[in-house]
Colleague: 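Pasting a structure below so you can have a look.
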Amino acid sequence: MSEWWAYQLSDLLMFAPQTYYRLFELYNTSLWPVQVLTLAASVTTAILMVTGPRWRERVIVSLVALFWLFVAWGYFIERYAAINLAAPYFALGFLVQACLLALVGLVGGHITFDGARTLIGKTGIALFFFALVFQPLIGPLTGREWSGMELLGLAPDPTVVGTLGVLLAADRVRWELFVIPVSWCAITGATLWVMKSPEALLMPLIGLSALVLSAYKSLTLRRELAGDWKNDRC
Amino acid sequence: MQLNRRQLVGSIAIGSLSALFPQFVQARVAPLTRTIPSSGEELPIVGLGSWITFNVGDDPVARGSSAEVMRAFFDGGGRMIDSSPMYGSAQEVIGYCLRKTGNAANVFATDKVWIANGDEGPEQIERTRALWGIDRFDLLQVHNLVAWEAHLDTLKAMKDEGKLRYVGITTSHGRRHDELEDIMRKHELDFVQLTYNIADRQVEDRLLPLAQEKGVAVIANRPFRRKELIHRFEEEKLPDWAGEIGAASWAQFLLKFVIAHPAITCAIPATTRVDHVCENLESARAPLPDEEMRQRMVAYIREL
């Protein structure tokens with residue numbers, strides 16, 4: 001179609017809100033008891049972000065990358081693609097993010113958590129806990145079914161928020177790992193906005209906050225490096 | 001508005017029976033029909049769209065509801081169901097509902113071809129046919145003018161071979177009207193589909209008169225602008241004279257405006273509710289507003 005820009009956002013929504021939310025209920029029902037494994041993996045990730053041996057970094061990155069892979073296949077391809085023609089492209093994005101995480105974190109070893117005690121590092125850990133514990137409750141608390149809870153590691157939104165938490169808690173800012181999660185925050189925010197969901201602004205706000213905090217962290221790190229360099233020269 | 005004696009007596013009789021035995025009347029009084037100019041075939045003037053409403057994936061509960069909507073549609077005398085490859089799982093769900101309600105033989109099966117590569121049109125059409133679970137389509141349309149030259153050749157060839165009864169082309173949201181007009185002038189079409197409702201009336205200037213002149217049937221999509229018009233007016237009072245055109249609700253008021261235009265062959269509102277599909281089909285019964293009344297309806301809406 002040559003005139004996508006001429007359509008309103010609401011014209012592009014091809015399913016009803018109840019169909020979208022029912023998707024999560026059916027998804028959770030079909031996956032049970034995979035939720036137990038995902039919960040265990042998420043809790044493990046959270047604990048390792050706070051404390052643990054040196055090898056914890058590779059475990060965290062592996063688990064988060066696996067979450068993205070699972071969402072790409074299990075949610076986007078197996079479920080969402082039935083009602084949204086764009087779902088295969090979203091799946092591709094999540095697959096690419098999983099590969100990027102593996103490449104940067106596992107192959108490159110560039111994701112470390114020595115600085116998780118800083119304020120931004122702690123914010124990252126808090127964001128991960130939010131995605132793990134509180135974000136799944138938003139649906140039921142706004143009137144949707146408990147069986148349709150969106151869980152970290154299985155549903156895209158909490159997986160993206162949890163990942164942004166991990167990235168904020170990491171010592172260095174790896175901008176290439178922010179592109180897809182922040183893009184997803186905009187996409188899901190637009191979808192929920194058109195569906196008049198009460199939490200429509202949450203994901204865009206989280207994405208934006210993650211970018212601002214990372215930019216601040218990046219600037220602070222540069223200043224510290226510059227300071228170190230000056231001190232060395234003296 | 002003027003009614004002849006036959007229409008008046010018929011309306012009074014239907015009105016009285018409706019009050020006493022609504023379900024009986026609903027099942028027995030067929031909706032009004034319009035003639036497809038290229039064949040002379042009669043078609044009920046209210047059909048059923050499937051954008052969003054039938055895109056429910058593999059949810060068994062929602063599929064069951066869709067089947068009930070379809071059952072009510074056929075019980076009320078409806079025939080045309082319209083879909084597209086662009087509508088997600090809608091085609092598959094329509095196929096499921098047709099099997100479940102046993103209405104594959106009754107449906108006026110209407111779908112579209114929507115793929116940028118013209119060579120892949122036949123493959124997509126065959127996939128669509130398999131999803132519906134029917135032998136052939138009554139009407140296939142080039143969706144939103146995408147690769148329309150190639151697809152139009154494909155559809156015309158199918159019609160010549162007896163694999164298709166009618167050929168059409170669609171647009172929506174009031175877009176590309178100049179191009180559609182050009183195609184209507186240069187090509188032989190059985191149907192065009194376009195957006196027409198009480199708030200989107202641009203097609204009244206050129207496209208609808210051209211369709212009448214060329215003998216092309218017209219399908220009106222978005223008769224409620226996807227619920228927007230109903231939501232906009234639902235808090236407002238229906239005019240006292242709405243009863244003169246048999247409109248008991250805003251939905252009927254809005255739909256009767258659309259189907260009363262003499263160029264419109266069929267309007268295709270979409271819904272997920274049985275009561276709404278019945279309400280829509282009720283709109284397709286006499287009386288319909290004449291041109292003077294339609295102007296009055298527009299003026300009333302403008303005031304709101």
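Side chains included, hydrogens not; waters and symmetry mates left out as well; all remaining heavy atoms used. Here the structure is a predicted model, which is why all the values come from computation and not from measurement.
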Colleague: Report the distance from atom NE2 of His276(B) to atom CD1 of Ile230(B), rounding to the nearest 0.5 Å.
Modeller: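 If I round to the nearest 0.5 Å, the distance is 7.0 Å.
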Colleague: Need one label for Arg222(B): side chain, backbone, both or neither, based on atoms under 4.5 Å from any heavy atom in chain A.
Modeller: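 When you check distances to chain A, only side chain atoms of Arg222(B) fall under 4.5 Å.
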Colleague: Taking non-hydrogen atoms and a cut-off under 4.5 angstrom, which of residues 199-207 of chain B neighbour chain A?
Modeller: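 The residues closer than 4.5 Å to chain A amount to none at all.
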Colleague: Below 30° counts as parallel, above 60° as perpendicular, anything between as tilted: where do the rings of His143(B) and Tyr87(B) land?
Modeller: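 Taking Tyr87(B) first and then His143(B), their aromatic rings stand perpendicular (interplane angle over 60°).
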Colleague: Shortest non-hydrogen contact from Ala90(B) to Ser50(B)?
Modeller: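 Nearest pair, atom of Ala90(B) first, then Ser50(B): CB-O, 3.9 Å.
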Colleague: Shorter than 4.5 Å, heavy atoms on both sides: which option in Thr53(B), Asn55(B), Ile52(B) has the most such pairs with chain A?
Modeller: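 Highest number of pairs under 4.5 Å: Asn55(B).
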Colleague: Which pair of heavy atoms, one from Val192(B) and one from Leu189(B), lies closest together, and at what distance?
Modeller: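 Where Val192(B) meets Leu189(B) most closely, the heavy atoms are CG1-CD1, 3.9 Å.
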Colleague: For Phe24(A), is there any backbone N or O sitting under 3.5 Å from a side-chain donor or acceptor partner on Glu150(A)?
Modeller: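 No: the side chain of Glu150(A) does not pair with the backbone of Phe24(A).
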Colleague: What heavy-atom pair brings Leu154(A) and Tyr75(A) nearest, and what distance separates the two atoms?
Modeller: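 Nearest heavy atoms, Leu154(A) then Tyr75(A): O-CB, 3.9 Å.
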Colleague: Considering only heavy atoms, which portion of Leu26(A) lies under 4.5 Å from any heavy atom of chain B: side chain, backbone, both, or neither?
Modeller: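 Answer is side chain: those atoms of Leu26(A) sit under 4.5 Å from chain B.
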Colleague: Cation-pi check for Tyr27(A) against Arg79(A): NZ or CZ below 6.0 Å from the six-membered ring centre and within 45 degrees of the axis, yes or no?
Modeller: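 No, Arg79(A) does not sit over the ring of Tyr27(A).
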Colleague: Classify the angle between the aromatic ring planes of Phe94(A) and Trp68(A) as parallel (below 30°), tilted (30 to 60°) or perpendicular (above 60°).
Modeller: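 Rings of Phe94(A) and Trp68(A): tilted, as their planes differ by 30° to 60°.
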Colleague: So which residue, Leu23(A), Asn84(A), Leu13(A), ends up with the most heavy-atom pairs under 4.5 Å with chain B?
Modeller: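 Among Leu23(A), Asn84(A), Leu13(A), the one with the most close pairs to chain B is Leu13(A).
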